[in-house]
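Only this structure's heavy atoms are used, side chains among them; waters, hydrogens and symmetry mates stay out.
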Amino acid sequence: MADLDELALSLPQVTKELSDDGRPAYRVHGKLFCCQRGRRPDAVDPETGERLPDVLMFRVPDLGVKELMLADERGVFFTTPHFDGYPAVLVRIPTLSRIDRDELEDLVVEAWLTRAQKRVAKAWLSEHGETDP
């Protein structure tokens, strides 16, 4: 989670908000691109039926990317019916250890790019030797 915080806050114009119970939400220009969800009835532990307290939501560029991520054999990414037709994937905090920092950075940057203003995103991409998304 420290890596997530550091990576998200390193991007231009990102703000972090904390819920009353300490769950982070990252926004650019007031638009949410990543957050830790509260306990929701759509995300439960399959063994206990308890609502999961440790679910992160990341925006993704489109539903095709979402499907590719959900097909990842490591089982890091998942979704719920609440997110049907919505370009976002979910990740449980304990499974972040299955991806390396570079992959987490890609995930955060891709999420940020979905919400950042085009001129800000283009400037950042140019500065980092990347091409337009």
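- Across all their heavy atoms, Glu110 and Pro61 have their closest contact at OE1-CG, 3.3 Å.
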Next item on the list: Using the side-chain contact (heavy atoms from CB on, under 4.5 Å) rule, take Leu32 and Tyr26 through it: C-alpha gap first, then chi angles, then the decisive distance, then the call.
Entry: CA-CA 6 Å; Leu32 184 70; Tyr26 302 94; 5.8 Å; no
Notebook entry, point to check: What do the steps show when you test Val108 against Phe33 for side-chain contact (heavy atoms from CB on, under 4.5 Å), and what is the final call?
Noted result: CA-CA 8 Å; Val108 172; Phe33 68 92; 4.2 Å; yes
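- A salt bridge links Glu6 with Arg101: the distance from a Lys NZ or Arg NE/NH1/NH2 to an Asp or Glu carboxylate oxygen falls below 4.0 Å.
- Taking both residues in full, the closest heavy atoms of Val55 and Ala43 are given as CG2-CB, 4.4 Å, listed atom of the first, atom of the second, then distance.
- For Ser126 (side chain) and Ala123 (main-chain N/O), no donor-acceptor pair under 3.5 Å exists by modelled atom type.
- Of the listed residues (Gln13, Lys16, Glu17), just one forms a side chain to side chain contact (heavy atoms under 4.5 Å, CB included) with Arg27, and that residue is Glu17.
- Between Asp42 and Arg37, the closest side-chain pair of non-hydrogen atoms falls below 4.5 Å.
- Closest non-hydrogen pair, Phe58 versus Leu104, comes out as CZ-CD1, 4.4 Å.
- Minimum heavy-atom separation, Val76 to Thr95: O-OG1, 3.9 Å.
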Next item on the list: Begin from the C-alpha positions of Phe77 and Val91 and carry the test side-chain contact (heavy atoms from CB on, under 4.5 Å) through to its verdict.
Entry: CA-CA 5 Å; Phe77 307 105; Val91 178; 3.5 Å; yes
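- Among the candidates Leu107, Leu7, Leu11, the single residue satisfying the side chain to side chain contact (heavy atoms under 4.5 Å, CB included) test with Trp112 is Leu11.
- Scanning all heavy atoms of the two residues, the minimum distance from Val60 to Ala88 falls at CG2-N, 3.6 Å.
- Gln36 places a side-chain N or O within 3.5 Å of a backbone atom of Pro53 that can act as its donor or acceptor partner.
- For the pair Leu4 and Cys34, the tightest heavy-atom approach, listed with the atom from each and the gap, is CD1-SG, 4.1 Å.
- Using a 4.5 Å heavy-atom cutoff, the side chains of Met57 and Val89 are not in contact.
- Under the salt bridge (charged side-chain N to carboxylate O under 4.0 Å, His left out) criterion, the residue pairs touching residues 48-70 are Asp54-Arg92, with sequence neighbours excluded.
- Applying the 4.5 Å side-chain rule to ILVMFWY residues, one finds that Leu68 remains a lone member of its cluster.
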